[in-house]
Amino acid sequence: MSAQSTNAIAKHFDMVILGGGPAGLTAALYAARAGFSVVVLEQLSAGGQMALSHQIDNYPGFENGIDGVTLSQKMEAQALHFGALTKRAEVQSVDLMSDPKVIRTSEGVYCGKTVVVATGAVPRALGLPEEQAFIGRGLHYCAACDGMFYRGKTVVVVGGGNSAAADALLLSRIAEKVILVHRRDTLRAENIYRESLQNAENVEFRWNSEVRQLLHGDALTGVRIRDKLSGLEEEIPCDGVFVSIGRRPATELLEGQLKLDDSKYVIADESTATNIPGVFAAGDVRAKGVRQIVTAVADGAVAAHMAESWLADREG
Ligand code: NAP
């Protein structure tokens with residue numbers, strides 16, 4: 001199909017937003033309020049990773065916390081209230097170099113004068129057979145989100161990078177005991193984390209070890225680990241497991257167009273501008289230091305503002 005005929009049947013917007021998490025929904029809110037025609041393309045339901053959190057206590061404005069689904073629905077409703085559209089659609093391919101930019105999806109073709117990439121990042125899973133079944137029921141990927149449920153309990157943290165170390169430290173201030181399981185004999189995490197962890201009296205380590213199995217009745221009761229050097233297996237009773245082995249940004253469809261860093265996050269500074277004019281990256285998908293809902297919504301606001309300025313300059 002020629003570019004001309006594609007454009008004829010496509011739906012045209014000032015801004016197409018890829019991803020309906022906090023960054024995408026905030027970009028939609030700001031852009032719609034600025035008078036842009038906006039559509040948010042979201043694969044599942046509104047909220048992205050945020051919708052998976054049972055309780056969010058660190059988003060300002062909710063003194064008793066709020067559950068992720070409700071906060072997601074509120075953010076979506078607010079964007080819709082100002083005229084943004086949301087569409088459940090799977091993005092199949094993107095052409096960010098063309099003018100307008102073309103997004104092909106399971107629900108048709110969308111063209112945008114500007115595009116905000118807010119596709120997020122998903123936590124890496126261990127790949128254990130029953131991992132999916134215990135998500136949110138003893139198995140977690142975010143200590144900052146779910147650690148508070150383990151006050152006075154025993155938890156296992158899996159991983160050896162900065163995230164695992166930061167999670168273990170945070171949990172050591174909440175849980176009675178933290179057992180960090182790492183597949184190497186040393187942490188990859190920075191010194192400042194290592195020293196703090198070594199000094200924490202309630203943190204134990206299992207080096208050269210991998211988690212082989214989740215132990216459970218109805219609820220999770222522990223993990224079985226294997227020492228990679230001796231081959232010996234050990235059962236560790238615990239109340240919760242926090243998997244902290246890195247994240248995978250959702251950038252597969254963007255490779256070859258947007259500049260990505262070594263970990264495949266989109267390279268964009270605080271302005272959210274990418275290497276392609278008119279394309280902005282917001283939220284967890286952007287290469288940055290702190291990935292939280294508050295930093296995602298901040299990115300979304302900045303991206304909408306920058307897109308507005310960019311379009312105003314171009315269209316004079
Ligand atoms: P990361 O640095 O990639 O570390 C992932 C860790 O998980 C590694 O120790 C790795 O083991 C382990 N791992 C990976 N796959 C595994 C598997 N299948 N089973 C068991 N273990 C596995 O990821 P991250 O810690 O999430 O950090 C991501 C980025 O955010 C990094 O650039 C980090 O510096 C940054 N960050 C910074 C801070 C900060 O305060 N400065 C805090 C958090 C994150 P190996 O060591 O064997 O590869």
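Whatever order the structure lists them in is the order used to number ligands and atoms, beginning at 1. Predicted model only: the values in this text are computed from it and were never measured. For reference, positions follow the sequence shown, starting with 1.
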Ion pair [X]/[Y], N-O distance below 4.0 Å:
X: Lys288; Y: Glu270; result: no
X: Asp95; Y: Arg104; result: no
X: Lys74; Y: Glu76; result: no
X: Lys228; Y: Glu210; result: no

Q. Are the ring centres of Tyr30 and His305 closer than 6.0 Å?
A. no
Q. So, do Tyr110 and His12 have ring centers that fall under 6.0 Å from each other?
A.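 Ring-ring flag for Tyr110/His12: false, centres at least 6.0 Å apart.
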Under-4.0 Å protein heavy-atom contact, [atom]:
atom: atom 27 (O) of ligand 1; answer: yes
atom: atom 42 (C) of ligand 1; answer: yes
atom: atom 32 (O) of ligand 1; answer: no

Between ligand 1 and [X], is the shortest N or O to N or O distance under 3.5 Å?
X: Val158; answer: no
X: Arg291; answer: no
X: Tyr193; answer: yes
X: Gly159; answer: no

**Q.** atom 4 (O) of ligand 1 [closest protein heavy-atom partner, distance rounded to 0.1 Å]
**A.**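 Ranking protein heavy atoms by distance from atom 4 (O) of ligand 1, first comes Gly161 CA, 3.7 Å.
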Q: Give the residue, atom name and distance (to 0.1 Å) of the protein heavy atom nearest atom 46 (O) of ligand 1.
A: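 Ranking protein heavy atoms by distance from atom 46 (O) of ligand 1, first comes Arg184 NE, 3.0 Å.
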**Q.** Option passing side-chain contact (heavy atoms from CB on, under 4.5 Å) with Ile225 (candidates Glu234, Glu233, Glu235)
**A.** Glu234
Q. Do Asp284 and Gln49 have side-chain atoms, one donor and one acceptor, less than 3.5 Å apart?
A.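 Note: Asp284 and Gln49 side chains miss the donor-acceptor criterion.
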Counting heavy atoms only, which of [options] is nearest [atom]?
atom: atom 38 (C) of ligand 1; options: Asn162, Leu187, Leu169; result: Asn162
atom: atom 1 (P) of ligand 1; options: Arg247, Arg188, Glu190; result: Arg188
atom: atom 15 (N) of ligand 1; options: His182, Arg124, Glu210, Arg183; result: Arg183

Q. In terms of atom number and element, which parts of ligand 1 are under 4.0 angstrom from non-hydrogen atoms of Ile245?
A.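 Heavy-atom distances to Ile245 below 4.0 Å select 5 (C), 7 (O), 13 (N), 14 (C), 15 (N), 16 (C), 17 (C), 18 (N), 20 (C), 21 (N), 22 (C).
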Q. Quick one: which ligand 1 atoms are inside 4.0 Å of a heavy atom on Gly246?
A.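 Close to Gly246: 23 (O), 26 (O).
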Q) If you count the non-hydrogen atoms of other residues, nucleotides and ligands that lie under 6.0 Å from CZ in Arg33, is the total more than 12? A) no
Q | Parallel, tilted or perpendicular: ring planes of Phe134 versus His216, cut at 30 and 60 degrees | A | tilted
Q. Of the backbone atoms (N, CA, C, O) and the side-chain heavy atoms from C-beta on, which set of Ser163 has a member under 4.0 Å from an atom of ligand 1: side chain, backbone, both, or neither?
A. both
